[in-house]
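To keep things clear, I will list the structure first and then write my remarks on it.
The shown structure was predicted, so the numbers you read here are calculated from the model rather than taken from an experiment.
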Amino acid sequence: MFSEYKKQVIKLYEEKRDAMALPLNLQNPTPARLKDECLAVIAKRFKKGDEKVLRDFFGDCVDVEGYIRYIRSMDVDRFRPLINHLNKKTENTDEKNIELLAWLIDFSPRPYIFKLDTLKKEEDFVGHKEVEKPVAAGISSELEKESSKEVDKKLNRITVTKKPMYALFWHKSWKKLAISAISIFILLFSFKSLDFFKEKDCMYWDGVNYKSISCDQKLPNIQVIALDTFKLKHFKKITKPDTLTENCIRKMWYSKIDKEVEFFTTGGMHPEYPEKALKPISEYIFSKYIKVKAPSTPSK
């Protein structure tokens with residue numbers, strides 16, 4: 001039943017939370033953090049099997065880009081019922097909220113399917129009282145009526161042919177040799193390209209966009225932060241604002257710090273001034289800082 005499925009999802013969430021094994025957005029969730037985590041997860045692992053979960057909560061957005069656009073525009077209050085349930089403020093919540101949580105923490109199997117419960121109960125019931133008939137007994141009654149040659153043929157069908165000892169020895173030796181060769185290759189390759197195998201779970205701002213980097217790698221005068229796959233892929237500084245058109249209004253973002261105006265492709269906090277939030281480009285900002293005004297004709 002769904003109640004058992006819900007119980008297992010909540011249990012896994014609490015176990016991961018207590019073990020500090022969740023992203024920061026889920027470790028101490030708020031409606032805004034759940035929204036940010038949805039953007040991060042859908043950019044990182046969009047699976048066809050999750051389309052029902054996403055469609056039930058966000059609506060049918062066709063593809064990844066569609067879901068990203070919709071999530072960015074939705075009200076954070078949509079996530080408040082799930083927050084209240086996780087904080088034990090409500091006893092029950094809508095099934096789509098539990099499915100969203102299962103998706104966020106990568107619970108498996110998901111989503112909940114009623115037929116699976118039915119099949120499981122049938123498996124528990126069917127088959128335990130069945131007794132298999134011995135194969136030899138069924139054959140022996142027929143063997144008594146047949147010639148000795150037929151007996152040999154049938155016995156050969158139900159016995160396993162043993163391989164010669166030299167064949168087994170050669171098979172085992174070849175297998176050991178192959179495993180040893182592969183192990184040596186991996187070991188040598190790892191020494192020469194150790195950096196290649198390091199997981200790049202962090203990133204840094206290079207002035208135009210974010211770049212991935214190993215967390216233990218240090219760069220002079222550069223702040224290394226936790227990897228955000230959505231920002232890594234979509235957050236960029238617009239270096240040529242004069243190429244922007246009116247279509248960018250309320251779709252692109254800007255900052256004004258010390259009278260310097262900068263433009264970015266997505267919202268959030270300023271990468272160099274994390275205490276400053278970016279704002280969407282308005283008609284006023286567009287006309288003042290981006291739109292090129294035609295030069296006035298001098299009077300004669």
Side-chain angles (χ1 to χ4, degrees), residues 23-25 30-46 54-55 57-79 200-213 219-299:
L24 181 61
N25 288 331
T30 64
R33 285 182 175 179
L34 278 189
K35 178 179 177 178
D36 290 341
E37 188 62 19
C38 286
L39 287 171
V41 172
I42 202 167
K44 184 177 182 180
R45 51 174 173 85
F46 179 76
L54 299 175
R55 186 169 57 251
F57 195 90
F58 301 113
D60 192 358
C61 298
V62 182
D63 56 15
V64 178
E65 297 298 332
Y67 280 109
I68 290 175
R69 286 194 297 271
Y70 180 80
I71 295 172
R72 284 171 53 190
S73 66
M74 68 187 299
D75 193 335
V76 295
D77 284 338
R78 289 275 303 277
F79 301 95
K200 297 185 177 181
D201 290 334
C202 290
M203 64 182 185
Y204 69 94
W205 178 253
D206 71 348
V208 178
N209 51 27
Y210 283 105
K211 292 189 176 181
S212 58
I213 189 175
L219 297 175
N221 302 322
I222 292 180
Q223 183 182 14
V224 177
I225 61 176
L227 181 67
D228 185 324
T229 54
F230 178 79
K231 287 185 177 180
L232 183 67
K233 184 177 181 180
H234 300 284
F235 193 99
K236 301 179 186 299
K237 180 180 178 180
I238 300 173
T239 57
K240 295 182 180 180
D242 56 334
T243 61
L244 296 175
T245 65
E246 292 184 355
N247 291 331
C248 74
I249 295 176
R250 289 184 295 275
K251 295 180 181 178
M252 299 297 177
W253 302 73
Y254 81 98
S255 68
K256 186 178 181 182
I257 302 174
D258 296 333
K259 297 183 180 181
E260 181 181 358
V261 181
E262 296 177 299
F263 300 94
F264 300 88
T265 55
T266 61
M269 309 305 290
H270 194 288
E272 297 178 14
Y273 303 92
E275 72 282 0
K276 302 287 186 180
L278 303 181
K279 299 178 181 179
I281 296 176
S282 62
E283 289 86 348
Y284 172 78
I285 294 297
F286 178 80
S287 61
K288 183 174 182 179
Y289 295 103
I290 301 175
K291 186 177 180 181
V292 179
K293 298 181 179 180
S296 58
T297 305
S299 57

*Should the ring pair Phe58 and Tyr67 be called parallel, tilted or perpendicular, given that the plane angle runs from 0 to 90° and is split at 30 and 60?*
perpendicular

Heavy-atom closest pair, residues [X] and [Y]:
X      : Y      : result
Arg250 : Pro280 : CA-CB, 4.2 Å
Phe286 : Cys248 : CD1-SG, 3.9 Å
Val224 : Cys202 : CG1-CB, 3.5 Å
Ala277 : Met269 : N-CE, 3.7 Å
His234 : Thr265 : O-OG1, 2.5 Å
Leu54  : Ile42  : CD1-CD1, 4.1 Å

*Taking Tyr210 as the fixed residue, which of Phe235, Tyr204, Phe264 is the one that meets the ring pair (Phe, Tyr, Trp, His ring centres under 6.0 Å) rule?*
Phe235

At what distance, to the nearest 0.5 angstrom, does [atom1] of [X] lie from [atom2] of [Y]?
X      : Y      : atom1 : atom2 : result
Phe230 : Ile71  : CZ    : CD1   : 9.0 Å
Met252 : Asn247 : CE    : CG    : 9.0 Å
Lys35  : Asp77  : NZ    : CG    : 10.5 Å
Lys279 : Ile285 : NZ    : CD1   : 8.5 Å
Asn25  : Thr30  : CG    : OG1   : 7.5 Å
Arg78  : Cys38  : CZ    : SG    : 10.0 Å

*Do Phe57 and Phe79 make the cut of ring centroids closer than 6.0 angstrom?*
yes

_Take a 6.0 Å sphere around NZ of Lys236 and say whether it holds more than 12 heavy atoms from other residues, nucleotides or ligands._
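Yes, enclosed.
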
*asked:* Could you check whether atom CD of Glu272 has more than 12 heavy atoms from other residues, nucleotides or ligands sitting under 6.0 Å from it?
replied: yes

Min side-chain heavy-atom separation [X]-[Y] under 4.5 Å:
X      : Y      : answer
Asp63  : Phe46  : no
Tyr289 : Phe263 : yes
Val261 : Lys288 : no
His270 : Glu275 : no

_Candidate pair Arg72 and Thr266, rule side chain to side chain contact (heavy atoms under 4.5 Å, CB included), full reasoning_ = CA-CA 9 Å; Arg72 284 171 53 190; Thr266 61; 4.0 Å; yes

_Among Ser255, Pro241, Pro271, exactly one meets side chain to side chain contact (heavy atoms under 4.5 Å, CB included) together with Glu262. Which residue is that?_
Ser255

